[in-house]
There are 2 protein chains.
Amino acid sequence: MPVRISSTKHAARARGDHDGNSLRKAFYEIRELIVHGRLSPGSWIVEADLARHLSMSRTPVRSALHWLQREGYVIEHKNARKSRMIVAPLTKEDAGELYSIIGHVEGLAGRRTAALPKARRVELAGRLKTFNNQLREILTAKDSRAAGIFDLDRNFHRTIIESGAGPRLLALHKSIEPQAERYWRLYASSIINDLHLSVAEHDEIIAAIVAGDAERVERGLQANWENGCNRLAHVIDIFGERGSW
Amino acid sequence: MPVRISSTKHAARARGDHDGNSLRKAFYEIRELIVHGRLSPGSWIVEADLARHLSMSRTPVRSALHWLQREGYVIEHKNARKSRMIVAPLTKEDAGELYSIIGHVEGLAGRRTAALPKARRVELAGRLKTFNNQLREILTAKDSRAAGIFDLDRNFHRTIIESGAGPRLLALHKSIEPQAERYWRLYASSIINDLHLSVAEHDEIIAAIVAGDAERVERGLQANWENGCNRLAHVIDIFGERGSW
DNA sequence: ACTATACCGATTGTCTACAATCTTGGATAC
DNA sequence: GTATCCAAGATTGTAGACAATCGGTATAGT
């Protein structure tokens, strides 16, 4: 028998609050907080605090946190029965594994991209060149606005993946690749110095796609991430890790 | 101002219900229902029904469904604002992509396994041989109990991954590989006929590990999954897909 | 009979309340 | 002065209530 509550209370509350998708909003907003470092790596997460911050109840926040956990932004610190969430730390080791996985996932997708009909590959190469040339411009102009660079690089890769991957692989990529953004943002200023290397690697990847050489595309993508990882590792050595103690 | 409800109602309910982990229970039980086909591919999911079946409230069931969705057992059928969940269908195309991803993920892990010190590789090879020999026994004895075969094959692969993969890659494998079970169970009886091929492929993988040849280990694992996929595709052609219409 | 509309049941999304557990700080005993 | 235990606060986990919406069916208008 349901407990009947006088409804005045609920009637009083604003009705339009339900936009029908608080969960998504919570996920992206919290993710944003983590990526931008407003929730520092290793720090403590309290559901109620976030709920207040986002002006919603704990329910969608809680779901969003589970989601973030599955995607690796948040990790579970188990204590007996209760589980407490902390923001995933940024370590050199984790970066290495993450970049390696992304490289291989993209490599797999790149293989299929290389198997596309020639016409599509050429058209694709055209779009990729646009992105890469914009990067080159920023490079020569010394106009190092990090945001633009990041988006261009991301678009370059994403364009390749979306051309070749099936739904599963695409979903996998979409859930793993964004995590690199945390490392990128944290050490961006230093990484940009090596931008010319990445641009050159992109050229090689484009050439491989035009040639339709699956092996070469895969190697190129893997190399791009692996090199990026090495460059990142160097910076982490200098500036230290965050949130691991 | 919180609404105060007379507490007799709640007091009456059994207090011990909270074992502190309904979510996990819900996830595994629903997953079990899906894998064993009690919830058929393509069929409709109603949160309240599942909640009743598992004797818990919708809250943990709902979270579990989101989790299952993220792992690919369930897909979202979007309609305007509401989203309805259906059990993910089993198709030849999906199987192809799934097996390919698993092969590459294991390949990546296998690479690192091949880089372990020789002593550990030899010890590992010993354990792997045990599994594979048990498979061989079942093969010669014509004792085709599917369950045992499945577990042995899974243990073989899992042992390799756990030896080489880091936490991220391990988590990835744990979330992707179990999905192959759905295909395995559905078409098991027919797949078993080709068991000897898989056993031979395992021998090659073991040899590659002992040799410490990363490339060869990776190729071996990828080939094992790719061949498995082809054998599966053949069976699907005969028996048809499930849940896609 | 055929279409448009208004209701109604089914279902999902979100909220608050309650219960259980963990942590922390202090009071007390030795 | 230190160790131990207990109380109060903080936090998480689950339940059930409501609100919003979807989909279909009955009904009315033509």
Do the side-chain N or O atoms of B/Ser22 get closer than 4.0 angstrom to the phosphate oxygens (OP1, OP2) of D/dT14? yes
Should the pair B/Asp151-B/Arg154 be classified as a salt bridge under the 4.0 Å nitrogen-to-oxygen rule? no
Any A/Arg62 side-chain N or O less than 4.0 Å from OP1/OP2 of D/dG13: yes
Is A/Arg84 touching bases, backbone alone, or none of the nucleic acid, heavy atoms closer than 4.0 Å? sugar-phosphate
Below 4.0 Å: OP1/OP2 of D/dG13 and any side-chain N or O of A/Ser83: yes
Rounded interatomic separation in angstrom, taking CG from B/Leu54 and P from D/dA15: 11 Å
Is there a donor-acceptor contact under 3.5 Å linking the side chains of B/Glu106 and B/His157? yes
For A/Arg52 and D/dA10, give me the distance from atom CZ to atom P, rounded to whole Å. 11 Å
What's the CG-P distance between B/Leu65 and C/dT11, to the nearest Å? 14 Å
Nucleotide nearest B/Glu47 when distance is taken to its side chain, options C/dT12, D/dA15, C/dT14: C/dT12
Can you measure A/Glu76 atom CD to D/dT11 atom P for me and round it to whole angstrom units? 18 Å
With A/Arg112, which residues qualify under salt bridge (charged side-chain N to carboxylate O under 4.0 Å, His left out), at least two apart? none
Has the side chain of A/Arg58 got a donor or acceptor atom sitting under 3.5 Å from an opposite partner on the base of D/dG13? yes
For B/Leu23 and D/dT12, what is the distance between atoms CG and C1' respectively, to the nearest whole Å? 12 Å
Take B/Ala48 and B/Thr59, find for each the nucleotide of DNA chain C with the closest heavy atom, and name the residue whose nucleotide sits nearer the 5' end. B/Ala48
B/Glu71: what forms a salt bridge (charged side-chain N to carboxylate O under 4.0 Å, His left out) with it, not counting sequence neighbours? none
Whole-Å distance, A/Leu50 CG to D/dT11 C1', equals 13 Å
Determine the contact category for A/Ile45: base if any of its heavy atoms lies under 4.0 Å from a base atom, sugar-phosphate if only primed atoms, P, OP1 or OP2 are that close, otherwise nothing. sugar-phosphate
Got a second to check how far A/Ser163's OG is from A/Leu128's CG, nearest 0.5 Å? 7.5 Å
A/Arg24 atom CZ is separated from C/dT14 atom C1', nearest whole Å, by 17 Å
